[in-house]
Amino acid sequence: MERRTFLGMTAAALSPTPAPAAPNVKLGVDLFSIRDQGWSPIEYLDYCAKWGAKVVHFSEIRFIRNLEPENLKQVRAHAEELGIEIEIGMRSICPTSTLFDPKQGTAEEQLTRMIAAAQTVGSKIVRCVLGSSADRTSAIPLEQHIENTVKVLHNVRSRVVDAGLKVAIENHAGDMQGRELKSLIEGAGPDFVGACLDAGNPLWTLEDPHVTLEALAPYVLTSHVRDTAVWLAPEGAAVAWSRMGEGNIDIASYVRRYIERCPGRALSLEIIVTGPRYFNYRDPKFWDGYRSVPAWDFARFLSIAEKGQPKPAPPPLRGEAAKTRQREDLEASLTWTKDFLARL
């Protein structure tokens, strides 16, 4: 019997509207891009299939609803029917991070559940994070957070390896620069730990994302890609995430280099359009969280900001209007990316 899916269409009817991406690039979607839709995992998969995605990145448990085996088996079966590869993820695995949720169990317990879920749903990785920019200025130094994360990873190594999986740590929300995540990966063991490389988050650590890419390319397992606008402001520098092609970080060169350095890895769009976040680097106290940033690295970041122009914040939206805007932002970015890849 023919199974009806998203918007009443059959799986066979779901085909990308825009031109297909370059055949050697696994174009993907991180579902955080459309985080407020309230869809079921099946509906998320159908929507992404309609836009030609080959990878769907369930970056948080809420997008896949739950980790019950029956749910995961149904999601896997539908993804296989659509020809889509699934990646799953969770949040913090650092027990001392401000982002860590101890109510869900120890970091090791949470990771162990995700390892089992990844096996069931067919994901080759478990994406997770250390924390956020708050961990750069907390009472515990960032270096200690990194060490604590490495300990957790060592404690689950045998489970990850036995499952044939890898753990992909994201440079997340301003927690680590590329070289800092590289040190975490090497400390834990690159045989079972790698990077989920985010293109927008480096700017929250005063880092040129091209520098981040070069530092982490040998370790990349998957990615989150979006454009960013950066400019000088009285407060210092302003950073606003944007649709693909609407920033000034030279996202085209970034994507081209990513494809060269990380062949076969998913190029997954995580589109988040924000107003400016200000980094008051002129205030000496600001540097309490960034004292390890090399001067040459900050100079690269500053060079981007000097070339940027102020970008107005998007109007605040709620309810259905916000959901519609998220889809529009993602779809415009998918169209830009497919057009760019077609020209390579």
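Only heavy atoms go into these numbers, but all of them, side chains included; no hydrogens, no water, no symmetry mates.
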**Q** Look only at the side chain of Asn248 and the backbone of Val230, and say whether a donor-acceptor pair between them is shorter than 3.5 Å.
**A**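 Yes; at least one donor-acceptor contact below 3.5 Å.
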
**Q** Determine, for Arg157 against Asp191, whether the closest basic-nitrogen to carboxylate-oxygen distance falls under 4.0 angstrom.
**A**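 A salt bridge links Arg157 with Asp191.
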
**Q** Could you pull out all residues at least two apart from Tyr219 that satisfy side-chain hydrogen bond (donor to acceptor under 3.5 Å, both in side chains)?
**A**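 Only Glu186 meet the side-chain hydrogen bond (donor to acceptor under 3.5 Å, both in side chains) criterion with Tyr219.
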
**Q** Between the main-chain N or O of Leu269 and the side-chain N or O of Ser33, is there a donor-acceptor pair closer than 3.5 Å?
**A**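 Answer holds: yes.
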
**Q** Assess whether a salt bridge exists between Glu260 and Arg257, defined as any Lys/Arg side-chain N lying under 4.0 Å from an Asp/Glu carboxylate O.
**A**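 Looking at Glu260 and Arg257, the cut-off is met.
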
**Q** Any cation-pi pair here, Arg35 with Phe32, using under 6.0 Å and within 45°?
**A**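 Cation-pi check for Arg35 and Phe32: passes.
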
**Q** Taking atom types as modelled, is there a side-chain donor on Gln177 or Tyr290 under 3.5 Å from an acceptor on the other?
**A**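 No.
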
**Q** Quick one: are Pro95 and His145 in side-chain contact, heavy atoms under 4.5 Å?
**A**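 Of all side-chain heavy-atom pairs linking His145 with Pro95, none is under 4.5 Å.
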
**Q** Is it true that a side-chain atom of Asn71 and a backbone atom of Ile64 form a donor plus acceptor pair closer than 3.5 Å?
**A**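 Indeed, once roles are kept as given, a pair shorter than 3.5 Å links the two residues.
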
**Q** Check side-chain hydrogen bond (donor to acceptor under 3.5 Å, both in side chains) between Ser97 and all other residues, then give those that pass, not counting sequence neighbours.
**A**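 Expected list: Asp135.
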
**Q** Among His224, Arg127, Glu270, which one satisfies side chain to side chain donor-acceptor pair (under 3.5 Å) with His57?
**A**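 Answer to the side chain to side chain donor-acceptor pair (under 3.5 Å) test with His57 among His224, Arg127, Glu270: His224.
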
**Q** Please check this pair: side chain of Gln37 against backbone of Leu31, looking for a donor-acceptor N/O pair closer than 3.5 Å.
**A**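 No; zero donor-acceptor contacts below 3.5 Å.
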
**Q** Can you check whether Gly247's main-chain N or O pairs, donor with acceptor, with Asp227's side chain at less than 3.5 Å?
**A**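 Yes: the side chain of Asp227 pairs with the backbone of Gly247.
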
**Q** Return the set of residues passing salt bridge (Lys or Arg N to Asp or Glu O under 4.0 Å) with Asp288 (not counting sequence neighbours), or none when no residue passes.
**A**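 With neighbours one apart ignored, the set is Lys285, Arg291.
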
**Q** Quick one: salt bridge (Lys or Arg N to Asp or Glu O under 4.0 Å) partners of Arg113, sequence neighbours excluded?
**A**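 Applying salt bridge (Lys or Arg N to Asp or Glu O under 4.0 Å) to Arg113 gives none.
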
**Q** Between Ile251, Val225, Leu213, which is the residue that forms a side-chain contact (heavy atoms from CB on, under 4.5 Å) with Tyr258?
**A**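 Among the candidates, only Leu213 passes.
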
**Q** Mind jotting down which residue pairs meet the side-chain hydrogen bond (donor to acceptor under 3.5 Å, both in side chains) criterion with at least one end in residues 230-246? Sequence neighbours excluded, please.
**A**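 Applying side-chain hydrogen bond (donor to acceptor under 3.5 Å, both in side chains) to every pair that reaches into residues 230-246, excluding sequence neighbours, yields Arg243-Asp329.
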
**Q** For Arg76, give me all partners under salt bridge (Lys or Arg N to Asp or Glu O under 4.0 Å), at least two apart in sequence or on another chain.
**A**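 Residues passing salt bridge (Lys or Arg N to Asp or Glu O under 4.0 Å) with Arg76: Glu80.
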
**Q** Can we say Lys26 and Glu85 salt-bridge, meaning some charged N sits less than 4.0 Å from an Asp/Glu carboxylate O?
**A**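 Looking at Lys26 and Glu85, the cut-off is met.
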
